[in-house]
Amino acid sequence: MATPELISPRSPRVAAARRLARRNFRGKERRFIAEGPQAVREAVEHRVGGEATLVELFTTVEAAERYADIVAAARDAGARVHYADDEVLAEVSQTVTPQGLVGVCRFLDSPFEEILKARPRLVAVLAHVRDPGNAGTVLRCADAAGADAVVLTDASVDLYNPKSVRASVGSLFHLPVAVGVPVEQAVQGLRDAGVRILAADGAGEDDLDDELDAGTMGGPTAWIFGNEAWGLPEETRALADAVVRVPIHGKAESLNLATAAGVCLYASARAQRTRTPR
C-alpha cells in the first residue's frame with residue numbers, strides 16, 4: 001500500500017494548487033482545479049493541442065484504491081500523482097467534503113474563431129452571467145442538448161471558477177468553450193457564420209411556442225442568456241434577431257436562468273432534429 005507523500009500542507013506543490021482558488025493565479029498559471037472522480041476521469045481523457053489536460057493529481061490512499069483505474073490512467077497520461085493525507089486534500093480542495101481526488105488541469109477554452117470555422121448549429125452565449133453555479137449548469141444543459149459550443153462574454157463569470165467547474169459535472173470537457181468574447185463580437189461572428197441569434201428574456205416579444213409552431217427554429221441558432229437578476233440589457237436585446245420568452249403556463253412568476261436555458265436549448269435541438277434527421 002502506498003503511503004502519503006505530501007504530509008505537509010506547506011509543501012510547495014500544495015501551495016501552488018491552493019493558489020488556484022484565486023482567479024488571478026488561475027489566469028497567470030493557466031491552470032484550474034477539477035475535483036471528484038467524474039471531473040478527474042473526464043480530465044484524464046481530455047487533451048488540449050495534443051497535451052493531456054490533467055497535469056497533477058492529488059489523491060488519498062483510500063481514494064487511490066477506490067478509483068484505481070482513474071489513478072492509473074492519470075499516470076499513463078503523464079500526470080504527476082501525489083499521495084496525500086486528508087489534511088493536504090483539505091488544503092487543495094475547494095469543497096467542504098473532498099472526495100479524495102483533486103486534479104490540476106490546463107486551461108481548455110477554444111479560440112472563438114475556431115468555433116466559427118466549425119460552422120456550429122447550436123450555441124449558447126452567456127452574456128452578463130455572474131453566478132458561477134448557473135454558468136456551469138447552463139454549460140451542462142448545452143452539452144446535454146447537443147450544442148456545438150458555448151461562448152462566455154467578457155462580462156460573464158470566470159469559466160474556471162471552482163463552482164462553475166463543479167456545476168458543469170464534467171461537461172466542461174465535452175464541448176468547445178470560448179471565453180472573454182465581447183457580446184457584439186460574438187453576435188456578429190455567429191451571424192456572419194449563418195447563425196440566427198435569439199435572445200432569451202422573460203419580457204420577450206416572441207413566444208417560444210409560437211416560434212416552434214412557425215417552424216423558424218430548425219436552422220443554426222445561438223441563444224443569448226443574460227444576468228440572473230435583471231436579464232439582458234436593452235443594447236444586448238437589440239443585437240438579436242428575435243427576443244423570445246419561455247411561456248409560463250402555470251402560476252410561477254418566472255424560471256431561473258439554468259431552467260430557461262435548458263428549455264430553449266432543447267427546443268432548438270428538437271426543431272433541428274425534426275428538420276434534419278440524424
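Below, all heavy atoms of this structure are taken into account, side chains as well, without hydrogens, waters or symmetry copies. All of these numbers come straight from a predicted model, not from anything done at the bench.
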For this session: Would you check if the side chain of Ser156 reaches a backbone N or O of Leu126 as a donor-acceptor pair within less than 3.5 Å?
Result: yes
Exercise. Is Asp109 reaching over with its side chain to a backbone N or O of Val177, donor-acceptor style, under 3.5 angstrom?
Worked result: no
Exercise. Any ring pair (Phe, Tyr, Trp, His ring centres under 6.0 Å) pairs touching residues 106-155, not counting sequence neighbours?
Worked result: Phe107-Tyr160
Exercise. Would you say the side-chain atoms of Thr53 pair up with the backbone N or O of His46, donor to acceptor, closer than 3.5 Å?
Worked result: yes
Problem set entry | Heavy-atom pair with the smallest gap, counting every atom of Val123 and Pro120 | CG2-CB, 3.6 Å
Exercise. Below 4.0 angstrom, N of the basic side chain to O of the carboxylate: do Glu234 and Arg237 qualify?
Worked result: yes
Exercise. Which heavy atom of Val165 sits nearest a heavy atom of Leu159, and at what distance?
Worked result: CG2-O, 4.0 Å
For this session: Mind listing the closest non-hydrogen atom pair of Pro220 and Gly194 along with its distance?
Result: CB-O, 3.7 Å
Exercise. Would you find a donor on one side and an acceptor on the other, under 3.5 Å apart, between the side chain of Glu35 and the backbone of Gln94?
Worked result: yes
For this session: Take Val44 and Asp76 through the side-chain contact (heavy atoms from CB on, under 4.5 Å) test and state the conclusion after the steps.
Result: CA-CA 9 Å; Val44 168; Asp76 291 343; over 6 Å; no
For this session: List, by chain and then residue number, the residues other than Val169 in its hydrophobic cluster (Ile/Leu/Val/Met/Phe/Trp/Tyr, side-chain heavy atoms under 4.5 Å); write none if there are no others.
Result: none
Seminar exercise, completed: Correct closest heavy-atom pair for Glu56 and Ala79 would be N-CB, 4.3 Å
Exercise. Which atoms form the tightest heavy-atom contact between Thr153 and Val125, and what is the distance?
Worked result: CG2-CG1, 4.0 Å
Problem set entry | Over all atoms of both residues, closest heavy-atom pair of Cys141 and Tyr266 | O-CE1, 4.4 Å
Exercise. Take atom CZ in Arg140; do more than 12 heavy atoms of anything else shown fall under 6.0 Å from it?
Worked result: no
Exercise. Between Arg196 and Thr221, is there a donor-acceptor pair closer than 3.5 Å when you use the side chain of the first and the backbone of the second?
Worked result: no
Could you go through residues 243-252 and list every donor-acceptor pair under 3.5 Å that involves a side-chain atom there, pairing it with any protein atom two or more places apart or in another chain?
{"from": "Arg245", "atom 1": "NH1", "to": "Gly204", "atom 2": "O", "distance (Å)": "2.7"}
{"from": "Arg245", "atom 1": "NH1", "to": "Glu205", "atom 2": "O", "distance (Å)": "3.1"}
{"from": "His249", "atom 1": "NE2", "to": "Asp209", "atom 2": "OD2", "distance (Å)": "3.3"}

Problem set entry | Glu62, CD: over 12 other non-hydrogen atoms inside 6.0 angstrom | no
